[in-house]
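Written below as structure tokens is the structure these notes are about.
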Amino acid sequence: MRQPTYYELVYAVVREIPRGRVSTYGAIADFLALGAARMVGWALNKSFLGDDVPAHRVVNRKGELSGRNHWPTPIMMQEMLEQEGVVVEDNCVKDFERLFWHPSALGEDFEVHP
DNA sequence: TGTTTGACCACGG
DNA sequence: GCCGTGGCCAAAC
């Protein structure tokens with residue numbers, strides 16, 4: 001057993017993303033004070049493998065599905081978002097600013113369940 | 001053990 | 001408005 005690492009926190013935050021909403025790597029990294037948004041992407045790389053982490057709800061700051069190429073099928077990520085009511089066009093989230101969800105919405109004392 | 005990479009972001013030209 | 005560079009931290013080779 002080990003202490004909760006940074007990506008454990010990422011899993012918790014991504015897991016709490018409401019359905020039909022999307023978040024960005026920078027927002028999560030900023031909320032967790034990781035200082036490096038790349039770590040979020042790296043963590044999610046392992047997350048979608050077996051954990052119940054909706055990584056499809058996490059996109060880059062442009063609202064583009066940058067991680068679609070790492071999914072089993074590139075269209076799977078888009079299909080997932082559309083299934084949740086998120087409109088994706090040209091690999092970009094439509095009304096991204098409106099569907100954007102910030103982890104601070106959980107509150108500063110969010111809890112991590114491993 | 002040192003180097004390289006990585007689903008990024010911000011800034012400068 | 002697009003392209004290039006730096007920074008950031010951790011895991012993989």
Side-chain angles (χ1 to χ4, degrees):
Chain A
M1 292 319 197
R2 64 249 177 269
Q3 293 137 351
T5 50
Y6 75 95
Y7 55 84
E8 295 277 357
L9 300 174
V10 174
Y11 294 161
V13 173
V14 175
R15 217 175 288 169
E16 291 299 316
I17 297 176
R19 182 173 177 274
R21 291 287 192 183
V22 292
S23 185
T24 65
Y25 305 95
I28 298 171
D30 180 68
F31 177 69
L32 298 176
L34 298 177
R38 305 180 119 196
M39 316 309 301
V40 180
W42 200 95
L44 288 177
N45 186 15
K46 304 273 282 273
S47 69
F48 82 94
L49 294 175
D51 293 324
D52 297 330
V53 180
H56 56 271
R57 294 178 187 157
V58 183
V59 295
N60 61 4
R61 76 176 189 90
K62 296 183 242 181
E64 183 180 22
L65 284 64
S66 53
R68 78 194 149 105
N69 195 23
H70 288 258
W71 282 77
T73 53
I75 60 174
M76 177 176 170
M77 188 173 185
Q78 181 173 344
E79 289 293 309
M80 284 280 231
L81 290 171
E82 289 181 343
Q83 188 176 5
E84 295 186 350
V86 178
V87 180
V88 179
E89 188 169 297
D90 191 50
N91 297 326
C92 297
V93 177
K94 188 177 178 62
D95 294 335
F96 168 68
E97 296 178 354
R98 192 166 62 177
L99 296 176
F100 175 75
W101 176 85
H102 199 275
S104 61
L106 292 174
E108 295 179 352
D109 47 11
F110 85 104
E111 229 175 288
V112 182
H113 355 222

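Proteins come first, then strands; the chains are lettered A, B, ... in the order of their sequence lines, and each starts at number 1.
- For DNA chain C, the contact window with chain A, defined by any atom under 4.0 Å from a protein heavy atom, covers C:dG7 to C:dA12 in 5' to 3' order.
- The two residues A:Met77 and A:Val59 come nearest to each other via the heavy atoms CE-CG1, 4.3 Å.
- Across all strands shown, A:Ala55 has heavy atoms under 4.0 Å from base atoms, whether or not it also approaches the sugar-phosphate.
- With A:Ser23 contributing its side chain and A:Val58 its backbone, the two residues share no donor-acceptor pair below 3.5 Å.
- Nucleic acid contact for A:Leu65: none, since no nucleic acid atom lies under 4.0 Å from a heavy atom of the residue.
- Interatomic distance, A:Phe31 CZ to A:Leu9 CG, rounded to the nearest 0.5 Å: 9.5 Å.
- A:Arg15 contributes no side-chain N or O that, together with a main-chain N or O of A:Val10, makes up a donor-acceptor pair within less than 3.5 Å.
- The two residues A:Tyr25 and A:Asn60 have their closest heavy-atom pair at CE1-N, 3.3 Å.
- If you find the closest nucleotide of DNA chain B to A:Trp42 and to A:Thr24, the one lying nearer the 5' end belongs to A:Trp42.
- When the side chains of ILVMFWY residues are joined at heavy-atom separations under 4.5 Å, either directly or via intervening members, A:Met76 and A:Val87 end up in two distinct hydrophobic clusters.
- When DNA chain B is scanned in the 5' to 3' direction for atoms under 4.0 Å from non-hydrogen atoms of chain A, the outermost contacting nucleotides are B:dG6 to B:dA10.
- Looking only at side-chain heavy atoms (C-beta outward), A:Gln78 and A:Asn91 come within less than 4.5 Å of each other.
- Of all non-hydrogen atoms in A:Leu99 and A:Arg21, the two that sit nearest each other are O-CD, 3.4 Å.
- What you find for A:Tyr11 and A:Lys46 is that their closest heavy atoms are OH-CB, 3.8 Å.
- Of the residues in residues 70-77 of chain A, A:His70, A:Trp71 come within less than 4.0 Å of DNA chain B through at least one heavy atom, sorted by number.
- Contacts of A:Arg61 with the nucleic acid, taken as non-hydrogen atoms under 4.0 Å apart, involve only primed sugar atoms and P, OP1 or OP2.
- Taking both residues in full, the closest heavy atoms of A:Ala27 and A:Pro103 are given as O-CG, 3.6 Å, listed atom of the first, atom of the second, then distance.
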